[in-house]
Colleague: 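Dumping the structure here so I can ask a few things about it.
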Amino acid sequence: MLPMSYDFINIEKKWASYWVDNATFYCDTHDFSKPKYYILDMFPYPSAQGLHVGHPEGYTATDILARMKRMQGYNVLHPMGWDAFGLPAEQFAIKKNEHPEKFTRANIANFKKQIQALGFSYDWSKELATVDPSYYKWTQWIFLQMFKHDLAYCANIPVNYCPELGTVLANEEVIDGKSERGGFPVIRMPMRQWMLKITAYADKLDRDLVKLDWPKSTLEMQKNWIGRSEGVAITFKIKNSEASFEVFTTRVDTLFGCTYCCLAPEHPLVEKLVSSKQKEAVEAYVKEATTKSDLTRTSTNKDKTGVYLGVEAINPINGKEIPVYVADYVLGSYGSGAVMAVPAHDERDYAFAKKHGLPIVQVLEGDISEQAMVEDGKHINSEFADGLNIAEAKVAITKKLVEINAGKRVVNYKLRDWVFSRQRYWGEPIPVLEKEDGTFLPVDESQLPVVLPNMDEYKPGKAGRPPLEEAPSSWLNVTLPDGSAAKRETNTMPQWAGSCWYYIRYIDPKNDNALCDEALLKHWLPVDLYVGGSEHAVLHLLYARFWHKFLYDIGVVNCDEPFQKLYHQGMILGENGEKMSKSRGNVVNPDDIILSHGADSLRLFEMFAGPLNEVKPWSTNGLDGAKRFIERVYRFVDEPSVNAKLSEDNDGKLDYAYNFMVKKVTSDYDDLAFNTAISAMMVFINECYKADKVYLPYFEGFVKCFSCVCPFVGEEMWARLGHKEILAYQSWPTYDESKLVLAKVKITVSVNGKMRDVLEVSKDATQEEVQAMAFKSNKVSPFLEGKEIKKIIYVPGRILNIVVA
RNA sequence: GGCCCCCUGGUGGAAUAGGUAGACGCGAUGGACUCAAAAUCCAUUGUCUGAUGAGGACGUGUCGGUUCGAGUCCGACGGGGGCCACCA
């Protein structure tokens, strides 16, 4: 085999270890002399499979920015860590009969090796793992602050429990009331869970979305998830009773059309209100409805079931008596768990009324013979609101309700409190003690961290019993200073806990006295750019905002949003355009690519394939093309005699190409438009080949730009050009705007919008001069002959359009 | 069902503010180099038509609109993707 000129294997090995050994990318967070730039990747969950080709995509994007910003003189914080608690590790550990800790540490080591082989400029001195007690000490500390501010509480809430499997299942794991695995029956039953009161922040989380430089789709998703909705709460009194219930509606204007009311099966008044005659039927219905999972209840949404309670309510606006039903199309967990039904103008109520033979009273003009009329229109049958449109009627009827003390404006949210406990082993212990009287006592801050005890048996227990119930008594049982006994909380935190604040810890990861030094926090937050997948749009990204806002409110951080700019990388599909998966056999392993083409080629290919935020297929040919371009560049320093020579003299031929390239690359990098930046670099190299030689400073400027995408070969070329200093802290190339102003500009001449000729004119040519040339052009004149010129539009430097009749 | 996004050559994708559609790459074809091949370098490459030329017509999912001019703006439809899904 011939010797390889572009020996990427050795080049990459050499510089990977050089950068690590010399801590090249160490960031002194105490150095405030330079402007800061905090650029963050969503840290990975270190799975057993190792990196997939999706990881390098986002990581390369941030790395390009980090490298450019360093050269632009910023103090760049670019850290990496491990989101290592969670179910997959635990399940895998159970399967392999190996402790999750051991298994997780091995995965982390493997991930780190793979990431370093890809040449990312992380500052490894900031490395952290959510499973480190020194880290989760502060996760627990934040939990304690929430507990102290009444944002963490314990409650009995209904969950999906499968007696056969002896475990709780997520909604997604329940299909038609049976477990996805095995098809065993699943019941709804209340279980004691820790909750975080994220709903207390619903308003702030919604309101502050406008401050963020985030993808529109993600903002939209969060907005919908929070689901703010303004409406009116109306009190309905029960006939012949002191009792009443409240409904929430966004369509108070239709109140005159309300012909019945519905309570959710979970509504506490159902059993109190039900008449003796209906008691049996209602109880049977409620029992069935409440043991169904949410998924079952919503999957059968075509059929609107319900049972009459045997009582009437009074519509406060007109005093009419209307029947009260219990129906499972009403959700117990939204609004007040009760609705006023207006069949004429609500599709669900329409379906229910038709099925149960309930009256339909139309209060807006329109056709309701086939379906409910939900559009805007003129009100009828609504007394004082007749003739008004929806908005006007809402105002009028709300005013009336307020006057008679039967209603008030309210805001509702879809957002629910966050179920924060898991009956699992591999998570952060919740730092709370339960006293013998059943009250909770937060662990004293001086006692943190509450370290997860080492256990041989960490499988989930029966009936949803947490594995920590079997922890050694020395861990489980605590004697309080007053001599009384208490027991540790045995639920653990969910996987999302550790990722809620890791961006804070990176700034000061070894601090033992605080989650982060205050002055450093002030200087470094918020994160300037955060890149990661969009799948976390309403999970991690919402949870982290919630925690951050809480920390802001208690004075720990001094900005109210954690991530100023957010960007999502698109998924990389298999070569066949389908999602990569083992079963499809189209998985590409980065380790293989590093061996066959090199990490630089992988990085270049992934950045060139298309816009960062779009879904892109893998392409072996594209990867070859990336490597070919690197070789075309590398040839300048490797075999300069062939086609490409470096020159000490500037003949001016490349002035435009070079300055254009630097300008384009600089702005495209900032916009995360890497595909077009790379294209600009290719154009420059093509020009160099055409010119046969390159002015050396131009080539060096190019190497700086190029090294952000391909750092290994960039560093190698820089060294081969005779530089002793590393590339990382060289100054970023500048461009000369005057070289970009061409003496001649091209003007498109069109007739009736149809392009006919392109004229080269002096950049200061007047319209008259251009017009004169255009009329003389034999490509243009035939189209003007015998025609009347109606109009001439001239855009300097761009186009001359002659309009003829 | 609701909301949001997308649709450009054989192919991945370019195209500030509406102003030469198809940059750059891949693939393909031809040439140079070579005993030959690979690699490399150079050239051509939207479709139809014209003669292999000059040229012409058409062309950004479909139909319509606004405009001197539309891939870009507006409306309807078709296709694909994402998120939420009885939220009153």
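Remember, predicted model here, so these are calculated numbers, not experimental data. The sequence lines fix the lettering, A, B, ..., with proteins before strands; numbering per chain opens at 1.
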Colleague: What is the separation between atom CD on A:Glu614 and atom P on B:G82, rounded to the nearest whole Å?
Modeller: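 In whole Å, B:G82 P lies 14 Å from A:Glu614 CD.
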Colleague: Rounding to the closest angstrom, what is the interatomic distance between B:G75 and B:C3 at atom P?
Modeller: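 B:G75 and B:C3 have their P atoms separated by 14 Å.
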Colleague: Can you tell me the base-pairing partner of B:U67? Count Watson-Crick or G-U wobble geometry only, both distances below 3.5 Å, and say none if there is no partner.
Modeller: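 For B:U67, the partner nucleotide comes out as none, under the 3.5 Å rule.
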Colleague: What's the closest nucleotide to the A:Glu631 side chain, out of B:A17, B:U40, B:A88?
Modeller: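 Of all the options, the side chain of A:Glu631 is nearest to B:U40.
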Colleague: With no hydrogens and no angle check, is any side-chain donor or acceptor of A:Glu288 less than 3.5 Å from a backbone partner on A:Tyr285?
Modeller: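 Judged by distance alone, no pair lies under 3.5 Å.
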Colleague: Could you tell me the Watson-Crick or G-U partner of B:A39, where both distances fall under 3.5 Å? Say none if there is no partner.
Modeller: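 In the structure as shown, B:A39 has no Watson-Crick or wobble partner.
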Colleague: Is any side-chain N or O of A:Tyr689 closer than 4.0 Å to OP1 or OP2 of B:C42?
Modeller: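 No, no such contact exists.
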Colleague: Partner lookup for B:U44, please. Criteria are Watson-Crick or G-U wobble with both distances under 3.5 angstrom; report none if nothing qualifies.
Modeller: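 In the structure as shown, B:U44 has B:A28 as its Watson-Crick or wobble partner.
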Colleague: Identify the two heavy atoms, one from A:Pro617 and one from A:Phe605, that lie closest to each other, and give their separation to 0.1 Å.
Modeller: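 That closest heavy-atom pairing would be O-CZ, 4.2 Å.
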Colleague: When rounded to the nearest Å, what value does the distance between P atoms of B:A23 and B:A15 take?
Modeller: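 B:A23 and B:A15 have their P atoms separated by 12 Å.
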Colleague: Where the side chain of A:Met221 is concerned, which of B:C4, B:A14, B:G82 is the nearest nucleotide?
Modeller: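 Closest nucleotide among those given: B:G82.
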Colleague: Take atom CD1 of A:Ile747 and atom C1' of B:U20, then tell me their distance rounded to the nearest Å.
Modeller: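 In whole Å, B:U20 C1' and A:Ile747 CD1 are 11 Å from each other.
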Colleague: Between A:Arg756 and B:U20, is there a contact of a side-chain N or O with OP1 or OP2 at under 4.0 Å?
Modeller: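 Indeed not, no polar side-chain atom of A:Arg756 lies that close.
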Colleague: Could you measure between the two C1' atoms, the one in B:U16 and the one in B:G27, and give it in whole Å?
Modeller: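 It works out to 31 Å between them.
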Colleague: Is B:C84 paired to anything, Watson-Crick or G-U wobble with both distances less than 3.5 Å, and if yes, which nucleotide?
Modeller: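 Check on B:C84: paired to B:G1, both distances under 3.5 Å.
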Colleague: Quick check: are there more than 12 heavy atoms from other residues, nucleotides or ligands sitting under 6.0 Å from CZ of A:Arg409?
Modeller: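 No, CZ of A:Arg409 has 12 or fewer neighbouring heavy atoms, counting only those of other groups under 6.0 Å.
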Colleague: Which whole-number value in Å describes the distance from A:Leu612 CG to B:G13 C1'?
Modeller: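 So the CG-C1' distance, A:Leu612 to B:G13, works out to 15 Å.
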Colleague: Whole angstroms only, please: what is the CD1-C1' distance between A:Ile799 and B:C68?
Modeller: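 Answer to the nearest Å: 9 Å.
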Colleague: If pairing requires Watson-Crick or G-U wobble contacts with both distances under 3.5 Å, which nucleotide is the partner of B:A17?
Modeller: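 Result: none.
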Colleague: Just the rounded figure in Å: distance from C1' of B:U40 to OH of A:Tyr6.
Modeller: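 Between C1' of B:U40 and OH of A:Tyr6: 17 Å.
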Colleague: Please name the nucleotide paired to B:U72 by Watson-Crick or G-U wobble geometry with both distances under 3.5 Å, or report none.
Modeller: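 Check on B:U72: unpaired, no WC or wobble geometry under 3.5 Å.
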Colleague: C1' atom, B:A70 versus B:C63: distance in rounded Å?
Modeller: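 The same atom, C1', in both gives a distance of 15 Å.
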Colleague: Using whole Å, what does the distance between atom C1' of nucleotide B:C68 and atom CD of A:Glu788 come to?
Modeller: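 Distance, rounded to whole Å: 14 Å.
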Colleague: Would you mind pulling out the nucleotide paired to B:G9, Watson-Crick or G-U wobble, both distances under 3.5 Å?
Modeller: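 Pairing partner: none.
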Colleague: Classify every nucleotide of nucleotides 21-26 of chain B by which part a protein heavy atom approaches to under 4.0 Å, writing B for the base, S for the sugar-phosphate alone and - for neither, in 5'-to-3' order.
Modeller: --BBSS
Colleague: Taking the six-membered ring of A:Phe352, is the NZ or CZ of A:Lys304 close enough (under 6.0 Å from the centre) and on axis enough (within 45°)?
Modeller: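 Cation-pi check for A:Lys304 and A:Phe352: fails.
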Colleague: Rounding to a whole Å, what distance do you find between A:Asn576:CG and B:G12:C1'?
Modeller: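 It is 15 Å, rounded to the nearest whole Å.
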Colleague: Could you state the CG-P distance from A:Leu784 to B:C68, rounded to the nearest angstrom?
Modeller: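 Going from CG in A:Leu784 over to P in B:C68 covers 18 Å.
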Colleague: Could you identify the nucleotide paired to B:A54, looking across every strand shown and requiring Watson-Crick or G-U wobble geometry with both distances under 3.5 Å?
Modeller: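 By the stated definition (distances under 3.5 Å), nothing pairs with B:A54.
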Colleague: Is A:Glu230 salt-bridged to A:Arg228, cutoff N-O under 4.0 Å?
Modeller: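 A salt bridge links A:Glu230 with A:Arg228.
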Colleague: Across the strands shown, which category fits A:Arg228 at heavy-atom distances under 4.0 angstrom: base, sugar-phosphate, nothing?
Modeller: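 Nothing, no heavy atom under 4.0 Å.
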Colleague: Under 4.0 Å between a side-chain N or O of A:Lys616 and OP1 or OP2 of B:G13?
Modeller: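 Looking at the OP1 and OP2 atoms of B:G13, neither is under 4.0 Å from any side-chain N or O of A:Lys616.
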Colleague: Reckon A:Lys779 touches a base, only the sugar-phosphate, or nothing at all at heavy-atom distances under 4.0 Å?
Modeller: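 Since only primed, P, OP1 and OP2 atoms lie under 4.0 Å of A:Lys779, the category is sugar-phosphate.
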Colleague: For the side chain of A:Lys304 and the base of B:C86, is some donor closer than 3.5 Å to an acceptor across the two?
Modeller: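 Flag set: donor-acceptor pair detected.
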Colleague: Just checking, is any N or O donor in the side chain of A:Thr199 or A:Asp417 under 3.5 Å from an acceptor N or O on the other one?
Modeller: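 Side-chain D/A pair, A:Thr199 to A:Asp417: present.
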Colleague: Can you figure out which of B:A85, B:C3, B:G19 approaches the side chain of A:Trp225 most closely?
Modeller: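 Closest nucleotide to the A:Trp225 side chain: B:A85.
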